[in-house]
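A short write-up of the structure that comes next.
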Amino acid sequence: MDERQDEIWAKPVARMTVSELPVGATNLNVEGRQPVSPLQGFGALWQKTYRLRLRGEDVTPAQVMAVWKEKFPQFQPKGNRFYPPVGGVRSGEIIFIESTVSAWPGRLPGIPISSGVRVIYNDDECFTIMTPQGFPESGWNSFSTFEEDGETWVQVQSMARAADPIYEFGFRFMGGARFQEETWQHVVKAVAAHFGVHDEPVQVIRSCIDPGFQWREIRNVWQNAMIRSMFYMPVRLVRKVLRR
Amino acid sequence: MPQSQVKMDVRKVTPQASVIDIEGDVTAFSENVLMDAYTDASSDGANSIILNFSNLDYMNSSGIGLLVTLLIRAQRQGQSLLAYGLSDHYRQIFELTRLNEAISCYAGEADAVAAASNGR
């Protein structure tokens, strides 16, 4: 057994705890939440892969991954703010997220959503995050780099279900799935652009692993981070005023 | 495309249960080998598929994802998925990823086969 395996994988936890909050992040919908896998969500289970080749660039997968981890928040699209742990991306740490979800993109204003994800796997060419209860998706996202036919690729792969019926509706009918796909395509393009690759297309592979709903998980709606973030908005506004 | 570093053999242990012996690394590149082994294990109408991890060398997060895919496939066929031979390290990873809530883990083959026979 490779002894590094103990550092690569996070230790299991029943509930997430926050020890240090990065500057600017909000500890909302994180503390006390259980990490959830694709088995605990409500909606259809999808595996989606977004990959892009760094054509002609002489960089190793490990070099690309080192930059990706270091500049992770910078590669996100506008409106998505990621707050990585103070000590960088490491197994067991929490990456805090502030995003905006619109119930009807382009027509209704976005609702700010605060949450965080736990890094459960981290090696030189990959890291994987696991979502908490209440997050829009229940499952994992892996960010990886690899070599194929002598060239380095960057890849985001998600395996997740919508966490509850409200999110499932949003993903299916309110543009949520499209927004999510655009987000991850933006991320792989931004990583590629950092290495000087601008014209490579993103390969998108979608696979519906389980089209059914898990009705036993319908109560997940109670933890819905979007709804809870919405109720938290007045508190956020008061704090903002008091800080002035 | 990198080659798969895993070998999987299928054994029928009871009329209702098949064991997949896994030897090597379970990563994203193991998908075809694992799904072929599953198809083979299911071909005689087995309602329990037992994964033997005794000779597992390495499994990464993509490998865990493959197990989720296999689990869903088995559940849709009305089959149960069981496992044995996991080291403490990989038992912990099953706990971390909450796979242990859907794939029952046992210390040895006899226990897993007995559980399969009891319909667990």
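Reminder, nothing fancy here: chain letters follow the sequence lines and each chain counts from 1. This is a predicted model, so every value here is computed, not measured.
Distance check, rounded to the nearest 0.5 Å: CD1 of B:Ile64 to CD1 of A:Ile120 gives 8.0 Å.
Residue B:Leu99 touches chain A through both its backbone and its side chain, counting heavy-atom pairs closer than 4.5 Å. Neither the backbone nor the side chain of B:Gln75 comes within contact range of chain A; no heavy atom of the residue lies under 4.5 Å from a heavy atom of that chain. For chain B, the nearby part of A:Leu39 is the side chain; its heavy atoms alone come within less than 4.5 Å. For a residue to count as touching a neighbouring chain, one of its non-hydrogen atoms must lie under 4.5 Å from one of that chain's; by this rule B:Arg98 touches chain A with backbone and side chain alike.
The nearest pair of heavy atoms linking A:Pro38 to B:Val68 is CB-CG1, 4.3 Å. Pairing each heavy atom of B:Met59 with each of A:Trp9, the nearest pair is O-CZ2, 3.6 Å. Listed here is the closest heavy atom pair of B:Arg76 and A:Asp210: NH1-CA, 4.1 Å.
Counting non-hydrogen atoms of neighbouring residues, nucleotides and ligands closer than 6.0 angstrom, the NZ atom of B:Lys7 reaches no more than 12 such neighbours. The local environment of NZ in A:Lys189 is sparse, with at most 12 non-hydrogen atoms from other residues, nucleotides or ligands closer than 6.0 Å.
You'll find the side chain of A:Asp123 stays beyond 4.5 Å of the side chain of B:Asn60, heavy atoms only.
For residues 127-144 of chain A, the interface with chain B (any heavy-atom pair closer than 4.5 Å) comprises A:Thr128, A:Met130, A:Trp140, A:Ser142, sorted by residue number.
In terms of non-hydrogen atom pairs under 4.5 Å with chain A, the most contact-rich of B:Leu56, B:Thr97, B:Thr69 is B:Thr97.
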